[in-house]
Every structure is written in structure tokens, then in C-alpha cells.
2 protein chains.
Amino acid sequence: MNILEKITNELDTLSKSERKVAEVILSSPNTVIHSSIAALAKQAKISEPTVNRFCRRLDTKGYPDFKLHLAQSLANGTPYVNRHVDENDSAEEYTSKIFESTMANLELARKSLDSNLINRSVDVLTQANKISFFGLGASAIVAHDAQNKFFRFNVPVVYFDDILMQRMSAINSRQGDVVIVISHTGRTKSLVEVASLAKENDATVIGITTTGTPLAKECSIVLSVNVSEDTDLYMPMSSRIAQLALIDVLATGFTLRRGSKFRDNLKKVKDSLRSSRFDKKD
Amino acid sequence: MNILEKITNELDTLSKSERKVAEVILSSPNTVIHSSIAALAKQAKISEPTVNRFCRRLDTKGYPDFKLHLAQSLANGTPYVNRHVDENDSAEEYTSKIFESTMANLELARKSLDSNLINRSVDVLTQANKISFFGLGASAIVAHDAQNKFFRFNVPVVYFDDILMQRMSAINSRQGDVVIVISHTGRTKSLVEVASLAKENDATVIGITTTGTPLAKECSIVLSVNVSEDTDLYMPMSSRIAQLALIDVLATGFTLRRGSKFRDNLKKVKDSLRSSRFDKKD
DNA sequence: AGGAAAAGTGAAACTTTATTTCATAATTTG
DNA sequence: CAAATTATGAAATAAAGTTTCACTTTTCCT
């Protein structure tokens, strides 16, 4: 198990001084693996035995052993962890933290996805007469992106980030139409209403949202994209990035399902963009 | 670099005794990371100073530092790798591949970023009279997202995904304006022109693109977001996701730079959305 | 509130571990 | 084959980590 995560989890079982140690470690783990116990104690403004006790509480044999675990956690290939941005972080620090949290959230999102539901969604999408993507705020760009992607497939696709257009479109939907409603919180009133309207009008409603939200209840298929709670003011919404990855998955599933002839077509679309670009001389 | 590989490479530059050390380490590295220098010396049937010299020859500071490197090399379990989607992949398989590739690309992108340039960009952004984001196609949604984010900061911000609007806006820019041009390929002709126009009109032009592209040459600051080449037809453009993460970084840098009063304001914006949502009952 | 018990903490003593020094042994070179 | 170079380990030294124990703070109970 990743020791940084473990520290984060056990933060509240630690004593006051031990928490100071934890904070120093979490804020710059890469420095710590090169520090002696004395240096760390000094930085955390506590004594050396406290550091030692801290290490043992995390089920390591002592400080050197702890450093070993820490080093391994920091090495490549270990799972990424949600780390909060701190007011005094340098550019390097907050950059790392944001990228790592984003990756951690992608990992979480992947775990929450159910491949059977993805399969069913792809089924539905390949058979749709018309596909509409709805989102508001940060999720609007996901809908926008989805439109870009599906547009290339030469299927009737629209996206709206305007409540009224969404409502009108939902009301005009019919059997065979697919409406994809995107909302991280799943609590945005107007979007929940739109989902419900589309459903009443016999469209298949796919929700890209968090498990168990009001929106989820209105959908025919719910693709759960769970990411860690957005409690931190500085922490950006990683949810939209996970949602985009899911759009990639759906689009890929769509392409695969449609077979090889369809893929030749895709290639043509790609090639058609070439003349608008400067050549690559390499 | 992986230290086990390094040991193997340098085997013939080592002395006889040192080679004994190397062999012991290579044969059971997992034991070594929990051994003291004395234990290792005994096992290799040589003296402690020899072990120490061995460590230094591998460019580590000493035995403990060597163990740290060794531990990290051993931790490399399954780094995220770009894996290509195959025609016969199941939903589960392509989902995993897409998420993992996305993470691999985020990792790559992070490595290509220069924190000094991020710092300078944040400087420029906090002092801007007006901020414009330009992108086309997949990058348009990044520009769109950036507008969403910076709009919350109550600064004059616009985004255009229309070539004509971009040109007009670029021509009307002036000293103190910041123009952020987003393009993965950095070869889209009209965008390169827009960057050049903006520059001629004294705007500070920040490019979010790949290193060494025509667009990069036109920019005052280039934030390189390098991801692996998009050679595969099935593989979705991960570049936009890396770009979004970079937008998060810039927005976070902006927030931090602006100080605590500014952050209170942000909280208000966040709260103002509450009434549009269903309550959370938990 | 008041005081006993429990938990937390750090100074100092102590132990373990790593590094340096230096004399000697092995190897290379002319 | 002897001088020079390089390699090696015993012992001394230095550094790092751990334990003990007395003192402080907190918690819990009446």
C-alpha cells in the first residue's frame, strides 16, 4: 500500500506532534527521503523520538525502514495520491500535486466504471437515430468534446450548454434518440429535469454522473464516474477530466463496434484536416 | 535510471571485490534493501569500506542513499504505459487501456513542463488587463474550459473557437493583454497566424503546445505539453486532457498568487451555485 | 472544578550503522 | 623485478537512529 495514502488516512489517529511530522512529509516527500531523522525532526519542530514513534505507528520498523517505504511509494508506477495544494506551494509543488491528483482521480474513476454498462451504452449509441449531449458549467465542455468526437463519426449529434435549448431538445426527442446528460454533482436541478423530460419522451437517457444522485435516478443507464470529493478550494475539478476519458472510451467502443469499413471513413476525416496544417519536416 | 540496470552495465568497470558485492545485490536485491552495510559485506565476503566504495562508484552518496535508489528501482511495478486498443478488445480491455494511456500521457506532460515558465505565465496572467483563450477542434474545449475557470476569478476573459473572431480579437489586442493559444500539433495555420498577429499588436502570447512547433516559435512563453504521438487510429487525443490539467495548474497558480481575500471571493462564487442544486441529504 | 490515570513529548544516554583513515596487500607498468 | 599504482580491510571515528525515563499535557472520572 502506498505510504503517502496511509499517512493521509491515519492523519486523525495521530497525535499533535506526529501530525506535524506527517505534514512535513506530505508537503515534500522527495526532500524527506534524503533527510536524516534529525533534519526531519528539526523541520517539523519536534523531537527525534517523535519521528521514530510516528514511523512505528505506520507499521514500519523505524525511520530507515520508513524512508524505504516512502522511496518506494514515490517511485514510478506506484498509484498516485490525492494531495492538497497548500498556500505556500511553489509552482513546482502545485504542478506536481495537480497532475498527481488528476491521475489518482482517473484511477478512481476507472474503478467505479462498470464495463457491462459501457457495453450497453455503446450498443445504444450505435443504434441511435440522434445523439444529444447536455452539460452545464464544467460539464458543458465535456458535452462539447463529445460532440467533436461523435461528429467525426458522421452521426447526427448535437450538444447544448443552454438550459432552454436542452429543454426544447429533450421535449422533441423520441424513441431511438439517445440523450447523454453529464453532471458531476448530479444535483443540478435543471439538468435533472431535462433528463426526466427526455425520458418521458421515450429517449434513452444515459447519465454520466456520480452514483446515487438525483440525476442517476432519472437515467436509463448510469455511467458512474466517481472521483474524490472536491472539498478543497484550490483543488480543481478533476471530475471533468475523468468524464472526458469516459467519452474517449465510448467513442472508441463506438468505432470498434462499427467495424472496419467505418474506420476507413474515419481515416478520411483525419486526412482532410491535413491541408490546414503546416508540414512536418522530419 | 534503474540502478539494477546500471550495476549490470558497469560490472566490468568494477574491481574484483566490488563485483562480488554487485553479484550479491543482483541475485537478491529484495534482501539487500533490508540489510545493513555490515550484513551485506559479510554476505559478499568483503569488507564494509568496499561496499561503501561500490556505492559511490554508482554515483550515490553512500550506502543508505544506494539503498534508497535500489528500493525505488524495485518499486517500479507497473508504470502506466501507452497501450494500443486492439480490434478485438472487450469493453473492459479498451476501457483500461484508454485510462492507462491517459495517465501515462499526463505523466509525460508533467515531465515536459517547466515550472519556471509556469511561474512566469502566472505572473503575466495576474497582471493582465484582458485574457483571451484561442483553440480549434479538440483544443477549443480546452479554451472553453479555461474561460469557465478564469471567469470565476472575476477577470476579463474571453474564448473563441472561430477563426474570424480570433483574428479580430488578436488584431485588437494591446500591451497588457494576454493571449493564450492552444494547439497540440502547433501546426494549424490559422492559429499560428493568430498568434503572430497578437504578438505584433504587443500582446503577451502564451502557447500551450508541443516543443519546437511553428506555433511555439511565435509565442512569448511556450508551455510545452508533450504527449506521445497520436499514431493510432483508435487512440483518442490525450493531449487535450494534459492541456486541461495545465489549465488547472495555471488557474491554481493564479489563485495562490492573488492571496486570501481573493479566495474568499471565490468561495462566494462557489456558494452562489448552491441554490440551483438539489440538497445533499447526508 | 480537582485530581488521578493515561497519553504524549523531548533530553540525554545508549546502540547501531556508516564512513574515514591509514597501513598493508595485490596488481600493474616500465 | 622494483617502483608506482590501485585495491583492500582493520580500526578509529563520525553519524544516525533508538531507548529510557522524567516531565508535561490531556483525558476521564467523581
Side-chain angles (χ1 to χ4, degrees), chain A residues 3 6-74, chain B residues 3 6-74:
Chain A
I3 199 136
K6 192 167 185 179
I7 296 174
T8 313
N9 287 342
E10 305 218 343
L11 217 51
D12 25 275
T13 73
L14 296 175
S15 74
K16 207 167 42 176
S17 304
E18 285 169 352
R19 203 165 312 144
K20 284 188 202 164
V21 183
E23 276 158 17
V24 171
I25 293 167
L26 289 174
S27 77
S28 54
N30 275 302
T31 318
V32 172
I33 59 171
H34 296 112
S35 306
S36 69
I37 192 167
L40 177 56
K42 197 174 170 193
Q43 215 191 332
K45 291 183 185 133
I46 45 77
S47 73
E48 299 176 27
T50 302
V51 175
N52 194 270
R53 282 187 288 259
F54 167 85
C55 296
R56 292 210 218 276
R57 200 178 297 267
L58 288 154
D59 301 319
T60 62
K61 285 182 197 163
Y63 185 66
D65 189 44
F66 168 80
K67 281 212 297 192
L68 236 50
H69 282 266
L70 185 59
Q72 296 204 322
S73 299
L74 292 173
Chain B
I3 199 135
K6 193 167 185 178
I7 295 173
T8 314
N9 288 342
E10 307 218 345
L11 256 178
D12 26 277
T13 72
L14 296 175
S15 75
K16 207 166 46 177
S17 304
E18 284 169 353
R19 205 164 311 144
K20 284 187 201 165
V21 184
E23 276 157 18
V24 171
I25 293 167
L26 289 174
S27 76
S28 55
N30 274 303
T31 318
V32 173
I33 59 172
H34 295 114
S35 307
S36 69
I37 192 168
L40 176 56
K42 197 174 169 192
Q43 216 190 329
K45 294 187 181 128
I46 44 77
S47 73
E48 301 176 26
T50 302
V51 175
N52 193 271
R53 282 187 288 260
F54 167 85
C55 296
R56 291 210 222 276
R57 202 178 296 267
L58 289 153
D59 300 318
T60 63
K61 286 183 195 161
Y63 184 67
D65 189 41
F66 168 79
K67 283 211 298 190
L68 236 49
H69 282 267
L70 186 60
Q72 294 204 323
S73 299
L74 292 174

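Heavy-atom basis, side chains included; hydrogens, waters and symmetry copies ignored. Just so we're on the same page: letters track the sequence lines, and every chain starts at 1.
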(message) Under a 3.5 Å distance rule, please check whether K67(A) uses its side chain to pair with a backbone N or O of S35(A) as donor and acceptor.
(response)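 Confirmed, K67(A) side chain pairs with S35(A) backbone.
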(message) I'd like to know if the side chain of Q72(A) and the backbone of A71(B) have a donor-acceptor N/O pair within less than 3.5 Å.
(response) yes
(message) Measuring from the side chain of P64(A) (C-beta onward, heavy atoms only), which nucleotide among dA18(C), dG9(D), dG17(D) has the closest atom?
(response) dG17(D)
(message) Let's see if you can work this out: which of dT9(C), dA18(C), dG9(D) has an atom nearest to the side-chain heavy atoms of K67(B)?
(response) dA18(C)
Quick one: does [X]'s side chain get under 4.5 Å of [Y]'s, heavy atoms only?
X      : Y      : result
F66(A) : I25(A) : yes
L11(A) : E23(A) : no
R53(A) : T50(A) : yes
V21(A) : L14(A) : no

Return the value, rounded to whole Å, for the distance between atom [atom1] of [X] and atom [atom2] of [N].
X      : N       : atom1 : atom2 : value
E48(A) : dA13(C) : CD    : C1'   : 13 Å
E18(A) : dA7(C)  : CD    : C1'   : 11 Å
L40(A) : dG17(D) : CG    : P     : 10 Å
K45(B) : dA10(D) : NZ    : C1'   : 20 Å
R57(B) : dT8(D)  : CZ    : P     : 8 Å
K42(A) : dA16(D) : NZ    : P     : 13 Å
F66(B) : dT19(C) : CZ    : C1'   : 17 Å
N52(B) : dT21(C) : CG    : P     : 12 Å

Looking only at side-chain N and O atoms, does [X] come under 4.0 Å of OP1 or OP2 in [N]?
X      : N      : answer
S47(B) : dT8(D) : no
S17(B) : dT8(D) : yes
S15(B) : dT8(D) : yes

(message) Quick one, R57(B) with E18(B), criterion salt bridge (charged side-chain N to carboxylate O under 4.0 Å, His left out). Give me CA distance, side-chain angles, the key distance, then yes/no.
(response) CA-CA 10 Å; R57(B) 202 178 296 267; E18(B) 284 169 353; 2.9 Å; yes
(request) Return the 5'-most residue of the pair K16(B), P49(B) with respect to DNA chain C, ranking by each residue's nearest nucleotide. (result) P49(B)
(message) For DNA chain D, which residues of residues 32-39 of chain A approach it to below 4.0 angstrom with any heavy atom?
(response) S36(A), I37(A)
